[in-house]
Student: 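Once you've had a glance at the structure underneath, I'll fire off some questions.
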Amino acid sequence: MMKINVITIFPDVMENILSMGMLGVASKKSLVTYNVVNLRDFAKDKHRTVDDEPYGGGGGMIMMVTPIVEAVEHIEPSQDSPVILLSPAGERFDQSLAHRYASCEELTFICGRYKGVDERVRKMVVTEEVSIGDFVLSGGELAAGACIEAIVRLKDEVLGNEDTRDTDSFEKDRDYILDCAYYTRPEEYRGHRVPEVLVSGNHKEIEKWRKMSSLRRTEKLRPDLLKRKS
Ligand code: ADE
């Protein structure tokens, strides 16, 4: 069973995210186990402080090295398992990174807060740094939640209908581009009809249409994906 550790100052938020929808189902099915660790349990003072002012001055608070390192030591992540710091400076998270993490037995996420973490955290415990995009969040919790959801849904048996996953956007069966357009009932709504081919029952033609739809949407919405491929 995959083990996912999360170090955070908002354990309740994280527990909530991890009990939601598919993430909750995955743990109920014992496909994954979550271990949420409250960083404040590793603070050294009665106020449970985990941040301090930066040496050299300037604004903002920096997360202290001591509680983070000791929280990781408490978890004792298995050897060579990724210890991931969520930060805007990290490698961009994407579907291929989700696949790599989904093949790991154990993952440890450190949710940063405030202005950043003491640089020694990177040196002492972090093995990789991940960002979910070029924007700045106030903390890593939502970023960790997004990454964990993308990873856990790749585990076999997590999704009810597994073969829908193969045709997701960014997956091999979609040529690593966007998924196609979909329609469901009714067949006509206020004059807008479902493309005829989709109700034709001709599976070969439907598959051809879906490939075209996927390509057209990608050209329109994410042309960078096509450039990256060629
Ligand atoms: N923490 C703050 N901003 C972040 C981002 N863009 N990605 C991951 N973690 C973050």
Student: Does E205 come within less than 4.0 Å of K208, counting only side-chain N to carboxylate O?
Tutor: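 Looking at K208 together with E205, the answer is yes, because their closest N to O distance falls below 4.0 Å.
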Student: H99: what forms a ring pair (Phe, Tyr, Trp, His ring centres under 6.0 Å) with it, not counting sequence neighbours?
Tutor: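 By the ring pair (Phe, Tyr, Trp, His ring centres under 6.0 Å) rule, H99 matches no residue at all.
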Student: Could you check whether any side-chain heavy atom of V126 comes within less than 4.5 Å of a side-chain heavy atom of V117, counting everything from C-beta outward?
Tutor: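 A side-chain contact is absent here, since even the closest heavy-atom pair is not under 4.5 Å.
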Student: Please give me the minimum heavy-atom distance between A71 and L39, naming the atom from each residue.
Tutor: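 The answer is CB-CD1, 4.2 Å.
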Student: With sequence neighbours excluded, give me every salt bridge (Lys or Arg N to Asp or Glu O under 4.0 Å) pair touching residues 78-94.
Tutor: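 Non-adjacent pairs meeting salt bridge (Lys or Arg N to Asp or Glu O under 4.0 Å): R92-D134.
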Student: Kindly write out the residues that satisfy ring pair (Phe, Tyr, Trp, His ring centres under 6.0 Å) with F170, not counting sequence neighbours, or none if the list is empty.
Tutor: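 So F170 forms no ring pair (Phe, Tyr, Trp, His ring centres under 6.0 Å) with any residue.
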Student: Working to the nearest 0.5 Å, report the span between CD1 of I132 and CG of L137.
Tutor: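 Result: 5.0 Å between the selected atoms.
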Student: Mind running salt bridge (Lys or Arg N to Asp or Glu O under 4.0 Å) on D156 and R165 for me, showing each step along the way?
Tutor: CA-CA 10 Å; D156 290 341; R165 197 182 62 200; 3.7 Å; yes
Student: Any idea which heavy atoms bring G60 and P54 closest together, and the distance?
Tutor: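 Heavy atoms of G60 and P54 come nearest at O-CD, 3.2 Å.
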Student: Is the closest side-chain heavy-atom distance between E106 and M2 below 4.5 Å?
Tutor: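 Not in contact.
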Student: Give the minimum heavy-atom separation between S78 and S81, together with the two atoms involved.
Tutor: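 Closest approach of S78 to S81: O-OG, 2.8 Å.
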Student: Establish whether V152 and L142 are linked, either directly or via other cluster members, by ILVMFWY side-chain heavy-atom contacts under 4.5 Å.
Tutor: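 Yes, one cluster joins them.
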Student: Counting only heavy atoms not in E188 (residues, nucleotides, ligands), do more than 12 fall under 6.0 Å from its CD?
Tutor: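 Atom CD in E188 is packed in, count exceeds 12.
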Student: Other residues, nucleotides and ligands only: do more than 12 of their heavy atoms fall within 6.0 Å of CE on M1?
Tutor: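 Yes, because the 6.0 Å sphere around CE of M1 holds more than 12 heavy atoms from other groups.
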Student: Quick check: closest heavy atoms across A181 and W209, and the distance to 0.1 Å?
Tutor: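 That would be O-CZ3, 3.7 Å.
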Student: Could you grab the distance from atom CD1 of I110 to atom CD1 of I84, nearest 0.5 Å is fine?
Tutor: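 One gets 9.0 Å once the value is rounded to the nearest 0.5 Å.
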Student: Kindly state each residue pair satisfying side chain to side chain donor-acceptor pair (under 3.5 Å) with at least one member in residues 20-34, sequence neighbours excluded.
Tutor: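 Non-adjacent pairs meeting side chain to side chain donor-acceptor pair (under 3.5 Å): zero.
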Student: State, with a plain yes or no, whether a side-chain heavy atom of Q95 is found less than 4.5 Å away from one of L154.
Tutor: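 Sidechains of L154 and Q95: in contact.
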Student: Scan for side chain to side chain donor-acceptor pair (under 3.5 Å) pairs involving residues 55-74, sequence neighbours excluded, and state none if there are none.
Tutor: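 The answer is K44-E70.
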Student: I need the C180 SG to K211 NZ distance, nearest 0.5 Å.
Tutor: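 C180 SG to K211 NZ: 10.0 Å, rounded to 0.5 Å.
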Student: Taking only residues two or more places apart in sequence, or in another chain, which ones meet E105 in a salt bridge (charged side-chain N to carboxylate O under 4.0 Å, His left out)?
Tutor: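 With sequence neighbours excluded, E105 shows a salt bridge (charged side-chain N to carboxylate O under 4.0 Å, His left out) to no residue whatsoever.
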Student: Please determine whether side-chain contact (heavy atoms from CB on, under 4.5 Å) holds for the pair M63 and I68, giving the CA-CA distance in whole Å, both sets of side-chain angles, and the decisive distance to 0.1 Å.
Tutor: CA-CA 8 Å; M63 292 185 81; I68 298 181; 4.1 Å; yes
Student: In terms of hydrophobic clusters joined by side-chain contacts under 4.5 Å, are F42 and V83 together?
Tutor: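 Yes, because F42 and V83 connect within a single hydrophobic cluster, where side-chain heavy atoms sit under 4.5 Å apart.
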Student: Mind checking whether L198 and L178 sit in one hydrophobic cluster, side chains of I, L, V, M, F, W, Y counted as touching below 4.5 Å?
Tutor: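 Different clusters: L198 never reaches L178 through Ile, Leu, Val, Met, Phe, Trp or Tyr contacts under 4.5 Å.
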Student: Begin with the C-alpha distance, continue with both residues' side-chain angles, and end with the deciding distance and a verdict on side-chain contact (heavy atoms from CB on, under 4.5 Å) for Y101 and F93.
Tutor: CA-CA 10 Å; Y101 287 152; F93 187 78; 4.0 Å; yes
Student: With sequence neighbours left out, write down each residue that passes salt bridge (charged side-chain N to carboxylate O under 4.0 Å, His left out) with R100, or none if nothing qualifies.
Tutor: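 E128.
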Student: Test of understanding: with side-chain hydrogen bond (donor to acceptor under 3.5 Å, both in side chains), list the residues that count as partners of D168, not counting sequence neighbours.
Tutor: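 Only R153 meet the side-chain hydrogen bond (donor to acceptor under 3.5 Å, both in side chains) criterion with D168.
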Student: Does the side chain of V37 come within less than 4.5 Å of I75's, by heavy atoms?
Tutor: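 The answer is yes, as the side chains (C-beta and beyond) meet within the 4.5 Å cut-off.
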Student: Please determine whether side-chain contact (heavy atoms from CB on, under 4.5 Å) holds for the pair V130 and L85, giving the CA-CA distance in whole Å, both sets of side-chain angles, and the decisive distance to 0.1 Å.
Tutor: CA-CA 6 Å; V130 166; L85 176 67; over 6 Å; no
Student: Between I4 and N35, is there a side-chain heavy-atom distance shorter than 4.5 Å?
Tutor: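 Side chain of N35 against side chain of I4, heavy atoms only: no contact under 4.5 Å found.
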Student: Could you check if a side-chain atom of R222 sits within less than 4.5 angstrom of a side-chain atom of I177, using non-hydrogen atoms only?
Tutor: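 Side chain of R222 against side chain of I177, heavy atoms only: no contact under 4.5 Å found.
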Student: In chain order, what residues pass the side-chain contact (heavy atoms from CB on, under 4.5 Å) check against H47, with sequence neighbours excluded?
Tutor: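 For H47, the residues satisfying side-chain contact (heavy atoms from CB on, under 4.5 Å) (neighbours in sequence not counted) are D45, T49.
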Student: Is a donor on one side and an acceptor on the other found under 3.5 Å between the side chain of K155 and the backbone of A102?
Tutor: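 Confirmed, K155 side chain pairs with A102 backbone.
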Student: Tell me, please, which residues at least two apart from R48 pass side-chain contact (heavy atoms from CB on, under 4.5 Å).
Tutor: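 Partners of R48 under the side-chain contact (heavy atoms from CB on, under 4.5 Å) test: N38, R40, D41, A43.
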Student: For side-chain contact (heavy atoms from CB on, under 4.5 Å), just list the numbers for I62 and E53, CA-CA rounded to whole Å, side-chain angles, deciding distance to a tenth of an Å, and then say yes or no.
Tutor: CA-CA 6 Å; I62 306 301; E53 291 164 0; over 6 Å; no
Student: What salt bridge (Lys or Arg N to Asp or Glu O under 4.0 Å) pairs are there with at least one residue in residues 176-187, not counting sequence neighbours?
Tutor: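 Found R174-D179, E187-R193.
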Student: Taking atom CZ of F109 and atom CG of N5, what is their separation to the nearest 0.5 Å?
Tutor: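 Atom-to-atom, F109:CZ and N5:CG are 10.0 Å apart.
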Student: Any chance you could measure I206, atom CD1, to S200, atom OG, to the nearest 0.5 Å?
Tutor: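 If we round to the nearest 0.5 Å, I206:CD1 and S200:OG are 4.5 Å apart.
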Student: Would you name the heavy atoms of G140 and L86 that are closest together and state the gap between them?
Tutor: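 Taking every non-hydrogen atom into account, O-CG, 3.9 Å.
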Student: Any side-chain heavy atom of L225 sitting closer than 4.5 Å to one from E219?
Tutor: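 Not touching, per the 4.5 Å side-chain cut-off.
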Student: Evaluate the criterion salt bridge (Lys or Arg N to Asp or Glu O under 4.0 Å) for residue pair K204 and E207; output intermediate values, then yes/no.
Tutor: CA-CA 5 Å; K204 234 176 126 190; E207 204 32 56; over 6 Å; no
Student: I'd like to check S213 versus R216 (side-chain heavy atoms, cut-off strictly below 4.5 Å). Are they in contact?
Tutor: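 Answer no - side chains too far apart.
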Student: CZ of F135: more than 12 outside heavy atoms within 6.0 angstrom?
Tutor: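 Yes - once you tally the heavy atoms of other residues, nucleotides and ligands closer than 6.0 Å, there are more than 12.
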Student: Could you tell me the separation between the OG1 atom of T167 and the CG atom of D175, rounded to the nearest 0.5 Å?
Tutor: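 Between atom OG1 of T167 and atom CG of D175 there are 12.0 Å.
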Student: Using every non-hydrogen atom in the two residues, find where E171 and D166 come nearest and quote the distance to one decimal.
Tutor: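 Here E171 and D166 meet closest at CB-O, 3.4 Å.
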Student: Using atom types as modelled and distance alone, determine if a side-chain donor or acceptor of S131 lies under 3.5 Å from a backbone N or O of A89.
Tutor: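 Not a single qualifying donor-acceptor pair exists.
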Student: Using a 3.5 Å cut-off and no angle test, enumerate the donor-acceptor pairs between side-chain atoms of residues 7-26 and protein atoms at least two apart in sequence or in another chain.
Tutor:
from	atom 1	to	atom 2	distance (Å)
T8	OG1	F10	N	2.8
T8	OG1	E141	OE2	2.7
S19	OG	E15	O	3.4
S19	OG	N16	O	2.9

